[in-house]
Amino acid sequence: QVQLAESGGGLVQAGGSLRLSCVVSGRPFSTTTMGWFRRTPGTEFEFVAAARRFGGTFYADSVKGRFIISRDNAKNTVHLQMNTLKPEDTAVYYCAAAPGSAIASELRGTRVYDSWGQGTQVTVSS
């Protein structure tokens with residue numbers, strides 16, 4: 001059974017930092033493409049970042065230069081380092097897993113991701 005477990009969310013002031021982590025079990029992590037999405041009430045999932053198994057990272061324009069996605073293949077973990085946080089970054093953040101064969105143009109949409117975590121709340125106060 002595939003499981004994705006996020007952690008690291010919380011409340012932070014604008015300008016601060018948080019680091020989210022997602023541990024994957026039940027599938028070969030080294031061949032999996034990992035992504036982060038976020039969602040606020042009443043909205044669709046918004047792509048944040050993705051990391052392919054052999055490098056290759058992708059970011060939404062809204063977080064480029066502030067967020068960094070990284071993966072630790074030895075620990076089956078993907079991280080999202082979030083710096084210079086803004087109130088508009090407030091959302092529930094979800095990690096998601098996609099097959100390693102997913103192509104770059106697919107990674108910003110939700111359709112290619114076949115496993116999702118339960119989400120972790122990030123709140124940025126002004």
Side-chain angles (χ1 to χ4, degrees):
Q1 181 181 1
V2 179
Q3 290 187 322
L4 282 67
E6 301 103 335
S7 62
L11 173 65
V12 64
Q13 288 187 331
S17 299
L18 282 175
R19 188 193 195 204
L20 305 184
S21 299
C22 174
V23 179
V24 180
S25 59
R27 70 188 289 166
F29 182 79
S30 62
T31 60
T32 297
T33 294
M34 295 301 301
W36 285 96
F37 288 78
R38 63 189 182 187
R39 188 167 65 172
T40 55
T43 67
E44 300 291 324
F45 281 105
E46 177 189 6
F47 171 76
V48 175
R52 306 186 74 173
R53 57 175 177 155
F54 291 134
T57 56
F58 308 86
Y59 296 93
D61 288 344
S62 60
V63 307
K64 197 174 297 182
R66 300 188 297 123
F67 290 11
I68 301 171
I69 187 172
S70 62
R71 51 190 298 158
D72 184 342
N73 289 338
K75 296 183 178 180
N76 291 0
T77 302
V78 62
H79 301 288
L80 184 69
Q81 178 67 43
M82 306 186 295
N83 302 317
T84 319
L85 282 161
K86 304 175 181 179
E88 51 264 43
D89 294 318
T90 295
V92 178
Y93 283 71
Y94 299 85
C95 67
S101 57
I103 60 177
S105 61
E106 299 176 304
L107 297 181
R108 297 175 185 271
T110 59
R111 188 171 300 179
V112 73
Y113 296 89
D114 51 29
S115 301
W116 292 78
Q118 80 286 354
T120 185
Q121 177 70 47
V122 171
T123 303
V124 184
S125 63
S126 57

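Quick note: residue numbers are just sequence positions, from 1.
Nearest approach of Leu4 to Cys22, heavy atoms of both residues: CB-SG, 3.9 Å. Among all heavy-atom pairs drawn from Pro99 and Val112, the shortest one is CD-O, 3.5 Å. Residues Arg52 and Ala102 approach most closely at NH2-O, 2.7 Å, considering heavy atoms. Contact record, Arg66 with Thr84: NH1-O, 2.9 Å, taken as the closest heavy-atom pair. Nearest heavy atom pair, residue Tyr94 against residue Gly117, reads CD2-O, 3.6 Å. The heavy-atom pair separating Ser17 from Gln81 by the smallest distance is CB-NE2, 3.9 Å.
Between the side chain of Arg27 and the backbone N or O of Thr32, no donor-acceptor pair lies under 3.5 Å. For the pair Glu6 (side chain) and Cys95 (backbone), a donor-acceptor distance under 3.5 Å is present. The closest donor-acceptor contact from the side chain of Arg111 to the backbone of Glu106 lies at 3.5 Å or more, if one exists at all. Using a distance-only test at 3.5 Å, with no hydrogens or angles considered, no donor-acceptor pair links the side chain of Gln118 to the main chain of Ala5.
Separation of the Tyr113 and Phe37 ring centroids falls under the 6.0 Å cut-off.
Connection of Trp36 to Phe45 is not established within any shared hydrophobic cluster, with ILVMFWY side chains joined at heavy-atom distances below 4.5 Å, either directly or through further cluster members. Cluster annotation: Met34 and Ile68 are assigned to the same hydrophobic cluster (Ile/Leu/Val/Met/Phe/Trp/Tyr, side-chain heavy-atom contacts under 4.5 Å, transitive). Residues Val23 and Val122 do not share a hydrophobic cluster, defined by chaining ILVMFWY side chains whose heavy atoms lie under 4.5 Å apart. When the side chains of ILVMFWY residues are joined at heavy-atom separations under 4.5 Å, either directly or via intervening members, Leu80 and Leu107 end up in two distinct hydrophobic clusters. Placement of Val92 and Leu20 in two distinct hydrophobic clusters is found when ILVMFWY residues are connected by side-chain heavy-atom separations under 4.5 Å, directly or transitively.
For the side chain to side chain contact (heavy atoms under 4.5 Å, CB included) criterion with Asp89, the lone passing option out of Val48, Val12, Val124, Leu18 is Val124.
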Evaluation steps, side chain to side chain contact (heavy atoms under 4.5 Å, CB included), between Ser62 and Glu88: CA-CA 10 Å; Ser62 60; Glu88 51 264 43; over 6 Å; no

Side chain to side chain contact (heavy atoms under 4.5 Å, CB included) evaluation trace for Phe67 with Leu85: CA-CA 9 Å; Phe67 290 11; Leu85 282 161; 3.8 Å; yes

Audit row: Leu11, Gln121, side chain to side chain contact (heavy atoms under 4.5 Å, CB included) steps and yes/no: CA-CA 8 Å; Leu11 173 65; Gln121 177 70 47; over 6 Å; no

Trace of the side chain to side chain contact (heavy atoms under 4.5 Å, CB included) decision for Ile69 with Val78: CA-CA 7 Å; Ile69 187 172; Val78 62; 3.8 Å; yes

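Using a 4.5 Å heavy-atom cutoff, the side chains of Ser30 and Arg53 are not in contact.
Summarising the geometry, atom CZ belonging to Phe47 is positioned 5.0 Å from atom CZ belonging to Arg108; distances are rounded to the nearest 0.5 Å. Atom OG of Ser126 is separated from atom CD of Gln13 by 9.5 Å, given to the nearest 0.5 angstrom.
Seen from the ring of Tyr93, Arg38 does not count as a face-on cation partner, given the 6.0 Å and 45° thresholds. Under the 6.0 Å distance and 45° angle rule, Arg71 counts as a cation-pi partner of Phe29.
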